[in-house]
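Proteins come first, then strands; the chains are lettered A, B, ... in the order of their sequence lines, and each starts at number 1. Fair warning: this is a prediction, and the values are worked out from it, not measured in the lab.
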Number of protein chains: 2
Amino acid sequence: MKKVISEIGEKLRSNEYKLTPQRQQILEVLLENKDKHLSAEDVYNLVKQKSPDVGLATVYRTLELFLEFDIIHSVNFGDGRKRYEYGENSDGHHHHHAICLKCGKILEINEDLLEELERQVAEQYRFTITDHELKIFGYCEGCKVNAK
Amino acid sequence: MKKVISEIGEKLRSNEYKLTPQRQQILEVLLENKDKHLSAEDVYNLVKQKSPDVGLATVYRTLELFLEFDIIHSVNFGDGRKRYEYGENSDGHHHHHAICLKCGKILEINEDLLEELERQVAEQYRFTITDHELKIFGYCEGCKVNAK
DNA sequence: GAGATAATGGTAATCAGTTTCATTATATAA
DNA sequence: TTATATAATGAAACTGATTACCATTATCTC
């Protein structure tokens with residue numbers, strides 16, 4: 001994790017930004033909670049446990065900064081707040097989410113599987129693709145039996 | 001369009017809801033603006049042109065009602081407001097959106113192209129899929145030349 | 001047609017996210 | 001190293017979308 005942090009620090013510094021203690025703590029929280037889909041307030045509460053004097057505004061500003069440099073990305077599950085996630089595939093594309101409509105569980109789908117679709121879209125629509133966000137809705141194994 | 005409206009009215013009535021004049025006008029606005037991604041306030045303004053005495057609260061309530069019965073669906077393009085859309089594929093799945101990061105244009109991708117991916121996800125994750133939402137980010141034909 | 005129920009419109013309240021501003025930390029230059 | 005400019009922070013005020021409340025109106029049932 002140390003290495004990841006210093007690489008990100010480097011990325012920020014090369015863009016005239018600093019990895020301040022607050023920013024680093026926010027980053028650590030994100031790294032410790034991959035695939036947890038934290039909201040800004042979740043991050044705030046977790047960071048507060050480490051250093052209680054970090055402000056909510058700083059959390060929002062830092063998340064915005066990390067988004068700008070593609071250090072994290074945000075997902076919207078329709079519950080009225082943005083959620084933030086560290087981590088992406090080797091090709092820079094993001095993984096998918098399967099959301100159970102019954103119990104709300106969210107599965108991480110780590111395979112990309114969109115190459116062929118993206119090839120077709122790129123060709124038919126003359127669109128140059130840089131990233132994607134796919135949400136799949138349905139019922140997880142435990143819930144499918146008595147589904148709607 | 002008459003037919004669609006009466007079918008939807010039927011759907012509501014069979015669930016103990018009425019297609020009131022206000023609801024019908026909201027529905028008409030949505031039908032007249034397929035693929036336009038209207039926000040609640042957009043809908044409100046358009047409905048007001050027809051009948052100025054419709055309230056914003058009614059618009060929100062009606063959109064929520066239509067969502068509940070899968071008459072419309074909502075998409076979030078990250079601009080801080082939900083957007084609403086009528087229309088789906090023949091199999092009940094929704095079409096995709098390609099969003100240009102430069103000019104903000106949104107292309108409607110009407111091909112499904114996810115069958116194989118969904119087959120694999122269903123098998124590997126034992127997940128029963130009922131719908132999906134795919135957003136593709138990149139640069140449209142006009143913007144790709146001078147893209148970042 | 002009277003009473004129960006559902007739906008509506010206006011407005012107040014809520015809540016995630018943003019902006020402001022005074023203060024603190026950091027970096028640069030003499 | 002000291003002064004000075006600049007960046008970052010925290011607290012609190014503000015914003016804008018959405019929701020809740022409540023009194024009024026329309027609709028349905030008997």
Side-chain angles (χ1 to χ4, degrees), chain A residues 8-29 37-69 71-85, chain B residues 8-29 37-69 71-85:
Chain A
I8 290 171
E10 201 39 60
K11 190 178 210 172
L12 290 177
R13 272 184 294 279
S14 70
N15 285 283
E16 315 275 86
Y17 288 98
K18 306 165 202 162
L19 186 58
T20 63
Q22 290 91 332
R23 287 176 182 166
Q24 175 157 347
Q25 273 157 348
I26 291 167
L27 179 56
E28 284 171 12
V29 163
H37 321 109
L38 302 178
S39 68
E41 208 173 338
D42 292 338
V43 173
Y44 175 61
N45 289 326
L46 289 167
V47 170
K48 279 213 123 177
Q49 292 174 15
K50 301 187 174 196
S51 42
D53 49 346
V54 175
L56 182 57
T58 300
V59 171
Y60 273 104
R61 277 186 294 236
T62 301
L63 291 170
E64 209 49 50
L65 181 72
F66 288 173
L67 279 180
E68 189 184 335
F69 291 108
I71 294 164
I72 58 174
H73 72 116
S74 69
V75 207
N76 193 307
F77 291 122
D79 61 348
R81 69 200 66 193
K82 281 189 189 170
R83 297 187 167 274
Y84 302 86
E85 218 176 22
Chain B
I8 290 171
E10 199 41 56
K11 191 180 212 172
L12 290 177
R13 271 183 294 278
S14 70
N15 285 282
E16 316 276 83
Y17 288 99
K18 307 164 201 164
L19 186 58
T20 64
Q22 289 91 334
R23 287 176 183 167
Q24 174 156 349
Q25 274 158 347
I26 291 167
L27 178 57
E28 284 171 13
V29 164
H37 321 111
L38 302 178
S39 68
E41 207 172 340
D42 293 338
V43 173
Y44 175 62
N45 289 326
L46 289 166
V47 170
K48 279 212 124 177
Q49 292 174 15
K50 301 187 174 195
S51 42
D53 51 346
V54 174
L56 182 57
T58 300
V59 171
Y60 273 103
R61 277 185 296 236
T62 302
L63 291 171
E64 207 49 50
L65 181 72
F66 288 173
L67 279 181
E68 189 185 334
F69 291 109
I71 294 164
I72 58 174
H73 72 116
S74 69
V75 208
N76 193 306
F77 291 123
D79 62 347
R81 70 200 67 190
K82 280 189 190 170
R83 297 186 168 275
Y84 302 86
E85 216 176 23

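- Atom CZ in A:F66 sits roughly 13 Å away from atom C1' in D:dA8 (whole-Å rounding).
- Using a 4.5 Å cut-off on side-chain heavy atoms (C-beta onward), A:T20 and A:T58 make no contact.
- Mapping B:R81 and B:R61 onto DNA chain D via the closest heavy atom, the residue that lands nearer the 5' end is B:R81.
- Note: NZ (B:K82) to C1' (C:dC15) measures 14 Å, nearest angstrom.
- A search for side chain to side chain donor-acceptor pair (under 3.5 Å) contacts involving B:Y60 returns nothing, not counting sequence neighbours.
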Quick test: give all pairs of protein nitrogen or oxygen and nucleotides 2-4 of chain C nitrogen or oxygen below 3.5 Å, distance rounded to 0.1 Å.
none

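- In this entry the distance linking CD of A:Q24 with P of D:dT9 reads 12 Å, nearest Å.
- Near DNA chain C, defined here as any heavy-atom distance below 4.0 Å, the residues from residues 48-58 of chain B are B:D53, B:V54, B:G55, B:A57, B:T58, listed numerically.
- For B:S51, the side chain to side chain donor-acceptor pair (under 3.5 Å) criterion is met by B:Q25, not counting sequence neighbours.
- Sorted by residue number, the list of members of residues 10-23 of chain B with any non-hydrogen atom under 4.0 Å from DNA chain D is empty.
- For B:D79, the side chain to side chain donor-acceptor pair (under 3.5 Å) partners at least two apart in sequence or on another chain are B:R83.
- Looking at A:V75 and A:E85, their side chains come closer than 4.5 Å, going by heavy atoms from C-beta outward.
- Comparing D:dT19, C:dG17, D:dA17 against the side chain of B:E64 picks out D:dT19 as the nearest.
- Rounded to an integer number of Å, the gap from A:F77 CZ to C:dA16 P is 17 Å.
- The side chain of A:Y60 places no N or O atom within less than 4.0 Å of a non-bridging phosphate oxygen (OP1 or OP2) of C:dT18.
- Between A:D42 and A:V29, every side-chain heavy-atom pair lies at or beyond the 4.5 Å cut-off.
- Going from atom OH of B:Y84 over to atom P of D:dA17 covers 12 Å, rounded to whole Å.
- B:Y84 has its ring centre no less than 6.0 Å from the ring centre of B:F66.
- Salt bridge annotation for A:E10-A:R13: present, with a cationic side-chain nitrogen under 4.0 angstrom from a carboxylate oxygen.
- A 6.0 Å sphere centred on CZ of A:F77 holds more than 12 heavy atoms belonging to other residues, nucleotides or ligands.
- Atom OH of B:Y44 is separated from atom C1' of D:dT18 by 14 Å (rounded to the nearest Å).
- Here the P atom of nucleotide C:dT18 and the CD atom of A:E68 are 13 Å apart, to the nearest Å.
- Of all non-hydrogen atoms in A:V43 and A:V59, the two that sit nearest each other are CG1-CG1, 3.9 Å.
- Across the protein-nucleic acid pair, A:E41 atom CD and C:dT14 atom P stand 16 Å apart, rounded to whole Å.
- Counting only distance, with no hydrogens or angles, the side chain of A:R81 and the backbone of A:A40 share no donor-acceptor pair below 3.5 Å.
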